[in-house]
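Convention: sequence-line order gives letters A, B, ...; per-chain numbering from 1.
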Amino acid sequence: MTSVSRRDVLRAAVATGAASLFGLPLSTLAAAARGGVVVIGSTNKPRHLNPAVQSGIATMFPGVQIFAPLLTVDGNWKAHPYLAERWSISDDARSVTLQLRKDARFHDGRPVTSADVQFSIETVRDNHPFKSMLAPVNAITTPDAHTAIVRLAEPHPALELVLTTSLLPIIPKHIYGDGQPVPTHPRNSTDVIGSGPFRVVEFKPGEHVILERFKDFFLPGKPQLERIIIREYKDTASLLLALERGEIDVHPGLTEPRDIERAKKIPGVNVVPNTGPAIGRLVWLAFNTANPKLADKRVRQAINYAIDKHFIINTLFGGVHLRSTGPIAAGSPFYSKEVEAYELDLDKARQLLDAAGLRPGANGVRLALTVDAIPGASDQRAIQEYLKPALAKIGIDVSVRQSPDFPIWSRRISNQDFELTLDSVWNWGDPVIGVHRTWLTANIRKGVIWSNTQSYSNPRVDELLAAAGQERDAARRKALYREFQEIVVDDVPVAFLHEVNLYLGYGKRIAEPVDNIWGLVGPLDEFGLKQG
Amino acid sequence: MSAFPDSAPSPDTAAAEAARSPGREAWRVFRRNKAALLGLALLGLVALVMLLGPTLYPVDPFGLASQPFTEPFTNAAVPLGSDYLGRDILAGIAVGGRATVTVGLAAAAITVLIGVTVGALAGYFQGWADELLTRLTELFQVLPSLLFAMVLVTLFSPSLTVVTLAIGAVSWTTTARLARAEFMRLRRLEYVNAVRAMGAGPLRLMLREVLPNALPPLIVSATLIVGTAILFEAGLSFLGLSDPNVMSWGLMIGANRAYILDCWWAVTFPGLAIFVTVLGVSLVGDGLNDAFNPRLHQR
């Protein structure tokens with residue numbers, strides 16, 4: 001695997017980095033390196049490279065380059081063939097037939113067969129933290145080497161989107177099917193074999209992942225790049241410095257307004273907003289509805305009316321983020337904007353508190369609450385600070401509570417030991433994957449973070465989500481989700497604040513920025529350098 | 001301490017000086033140090049702000065007083081400008097001093113309490129008690145104090161009490177060493193032996209005979225510790241480790257640190273306030289050092 005010397009690779013990386021810094025045409029270097037080398041910086045440190053058993057960008061991003069998914073998706077949520085050249089859904093929507101390409105091979109030369117598909121789907125269903133993605137999958141049958149039929153207990157329209165991402169990578173059965181448990185399989189981090197456009201040259205946890213063009217990749221002429229180097233940096237500050245110095249060609253996600261401003265000033269770097277809208281990183285203020293102080297919906301609504309979302313977006317975050325009005329991210333086809341927006345209205349907030357029987361005491365205080373936030377998230381810290389004066393205006397005395405580290409915060413929140421908390425919960429494409437989990441009564445699970453930690457329970461919502469999860473007709477599904485959004489926005493188990501707008505920074509020598517709803521968490525086989 | 005050549009005893013004034021009480025004598029020496037007087041004036045100013053600030057300028061330091069990032073001296077509503085949330089900087093300065101100085105004083109008190117207890121026991125009893133306590137002191141001395149304090153504050157989540165205790169817990173070692181040396185020196189003196197011969201127990205000897213005579217250097221060091229404790233609190237705040245629910249100068253710096261390039265005033269003014277306080281404390285500490293130094297007294 002390491003026959004190509006690492007020093008050569010790094011030297012090439014440094015050379016190309018410098019070229020992008022001075023805006024030189026890259027043809028000479030590109031010719032030397034056949035398609036060129038792109039260095040992508042990252043602050044996410046993958047533990048291993050197998051996204052079949054690990055969620056999160058850190059593993060998914062290199063994972064989707066290494067393990068080809070069955071389908072891809074474009075920027076308009078439309079699925080296209082990839083490892084599967086055709087797919088069809090039966091009339092009763094209880095089976096999905098996948099027709100695999102016959103020319104696809106793993107990096108070790110073995111062909112990709114329906115047995116691998118069966119093994120992968122079963123592994124993901126049984127091990128991946130996103131249980132709802134494949135929960136209805138009963139069985140996978142393999143009539144021949146290139147046909148796989150997924151049998152479903154109930155219709156599962158989310159499946160198509162699941163097939164398009166590294167949420168469902170096709171992993172080789174001849175390696176992972178040796179009887180060892182896949183989550184701790186040694187081949188998750190050494191000698192990793194997939195069928196994606198790039199193969200692993202070297203994986204040094206905490207330092208870099210070096211990927212090289214897979215010569216027998218099933219799409220002719222792809223991928224364009226000779227190499228992708230994912231270099232890890234300890235924090236966003238050093239990542240931005242690396243972009244400024246030309247050490248990296250791609251900054252995968254700028255979110256801080258000041259960082260974005262700085263990146264825009266770097267000569268030879270493009271900065272584009274709205275990368276990967278399917279991920280839908282919502283930031284919200286969650287209420288513990290099981291707490292007697294917050295059990296009355298009017299109290300929660302009052303708090304929502306007292307928070308100026310425009311102030312948060314425009315003043316705290318320099319206008320870079322997107323307004324969020326409900327549980328489904330604005331980029332999703334199921335997003336509905338016909339919901340109460342909770343624009344700042346202090347009079348209404350006070351009336352609601354009066355109606356709930358919370359009158360100001362001697363010192364003007366109606367209610368005292370504590371607010372938590374994910375530790376280390378500086379944006380949440382700023383909102384936490386803002387809530388104190390903002391809610392003081394309606395007579396709510398807010399104390400800021402800090403958690404020493406993420407596990408402690410997560411333990412407090414998931415065991416209902418909180419009153420208010422800021423939280424960041426991601427959509428992950430289809431509502432079934434990332435949205436349902438925080439609203440279903442059945443998903444009030446102690447000790448599980450990003451489940452229904454608000455202890456919210458509404459039978460109508462449970463009904464709507466159950467129906468929408470199975471509805472095949474897109475328009476009817478959208479209508480179900482519209483009613484769901486209306487109800488939860490009115491019930492306010494969470495106050496929606498904003499959606500993080502992820503900005504991609506990349507050197508101008510890169511010809512094709514990503515055009516798919518997953519952003520960099522999609523295959524980068526189209527990614528290439530401009531012709532010099 | 002003999003850095004003042006003009007302080008050599010002059011025989012013709014000696015008789016007059018001898019008539020003065022020790023307190024007046026100390027004040028005379030203190031007064032001679034112009035820097036110490038400046039320090040006293042600065043501390044007076046800080047005390048005024050602490051006592052009267054919130055009354056003279058009754059604005060909620062957590063309230064949203066104006067547009068965020070209002071520059072200082074441009075808007076009468078917020079004379080020193082506003083921070084990234086629009087909170088009034090002047091209100092923060094007026095109110096925040098109480099918490100900051102309280103932390104400084106309380107942490108110094110804890111430091112002196114632990115330090116003197118450990119030092120006194122070690123210095124007075126010597127033997128195995130000294131061995132044990134000195135090792136303990138060394139153990140704390142080799143820990144990097146800021147890091148250790150950060151660990152403590154992070155572990156118990158930042159509140160005014162935790163920050164104060166943490167600062168006390170990491171800075172008592174110097175006082176302990178000082179107290180130990182003083183107690184070792186004084187316990188051998190004849191007057192102590194005399195009282196011991198009269199049948200006084202160790203507790204009485206330590207508290208009534210030795211401690212009062214060991215006090216001058218300890219008071220000087222305690223004063224300086226107040227200064228370091230305030231700086232320490234500011235340092236922890238800068239790292240985001242201060243009580244988020246109590247306005248303090250340190251909190252202002254910590255909260256606005258991320259916006260330092262857009263909004264220098266939100267960090268600079270509380271920084272200046274801390275600077276003035278610590279400078280005042282240090283200068284007064286130096287002055288006290290002179291005042292308690294018998295070699296500078298004219299007999």
Side-chain angles (χ1 to χ4, degrees), chain A residues 236-237 256-259 261-262 265 306-308 310-319 344 346 363-365 368-373 375-409 412 422, chain B residues 58-70 78 82-89 91-92 95-96 149-163 166 236-248 250-263 266:
Chain A
T236 48
E256 293 269 328
R258 276 155 201 83
D259 288 0
E261 277 312 303
R262 252 174 77 186
K265 287 184 189 137
I307 301 171
D308 186 353
H310 296 285
F311 179 90
I312 292 178
I313 293 171
N314 294 325
T315 307
L316 293 186
F317 304 124
L344 181 69
L346 295 176
N363 47 3
V365 175
L369 292 169
T370 61
V371 58
D372 290 83
S378 60
D379 54 336
Q380 295 197 5
R381 177 77 192 262
I383 305 174
Q384 215 180 4
E385 299 249 331
Y386 161 74
L387 288 176
K388 201 176 168 72
L391 298 187
K393 288 185 179 170
I394 55 166
I396 294 178
D397 180 37
V398 173
S399 303
V400 170
R401 184 170 73 162
Q402 290 173 340
S403 301
D405 58 14
F406 181 81
I408 290 180
W409 173 82
R412 283 172 171 169
L422 289 157
Chain B
V59 175
D60 177 11
F62 283 107
L64 302 178
S66 76
Q67 278 299 305
F69 301 118
T70 305
V78 281
S82 67
D83 73 355
Y84 74 104
L85 288 175
R87 298 182 293 200
D88 189 341
I89 301 291
V95 176
M150 280 171 68
V151 170
L152 290 176
V153 174
T154 314
L155 211 60
F156 298 102
S157 79
S159 72
L160 228 46
T161 324
V162 169
V163 170
L236 287 173
S237 303
F238 184 77
L239 299 168
L241 295 171
S242 58
D243 192 330
N245 295 306
V246 181
M247 186 50 76
S248 69
L251 178 71
M252 295 172 75
I253 294 177
N256 287 293
R257 182 183 53 137
Y259 306 90
I260 194 162
L261 295 178
D262 309 80
C263 176

Seminar exercise, completed: So CG of B/Leu64 and CG of A/Asp308: to nearest 0.5 Å the spacing works out to 9.5 Å
Exercise. Say you draw a straight line from OH of A/Tyr386 to CZ of B/Arg87; how long is it, rounded to the nearest 0.5 Å?
Worked result: 12.0 Å
Exercise. Does OH in B/Tyr259 sit with more than 12 non-hydrogen atoms of other residues, nucleotides or ligands closer than 6.0 Å?
Worked result: yes
For this session: Please examine the side chains of A/Lys388 and B/Asn245, heavy atoms only from C-beta on, and report whether any two atoms are closer than 4.5 Å.
Result: yes
Exercise. Non-hydrogen atoms of chain A under 4.5 Å away: do they reach the side chain of B/Phe156, the backbone, both or neither?
Worked result: neither
Problem set entry | B/Leu241, part contacting chain A, at a heavy-atom distance under 4.5 Å | neither
Exercise. Considering only heavy atoms from C-beta outward, does the side chain of B/Phe62 approach that of A/Glu385 to under 4.5 Å?
Worked result: no
For this session: Quickly, which of A/Pro404, A/Pro375, A/Ser403 forms a side-chain contact (heavy atoms from CB on, under 4.5 Å) with B/Thr154? Name it, please.
Result: A/Pro404
Exercise. Is there side-chain contact between A/Thr315 and B/Tyr84, with at least one heavy-atom pair below 4.5 Å?
Worked result: no
Exercise. Which heavy atom of A/Gln402 sits nearest a heavy atom of B/Ser157, and at what distance?
Worked result: O-CB, 3.7 Å
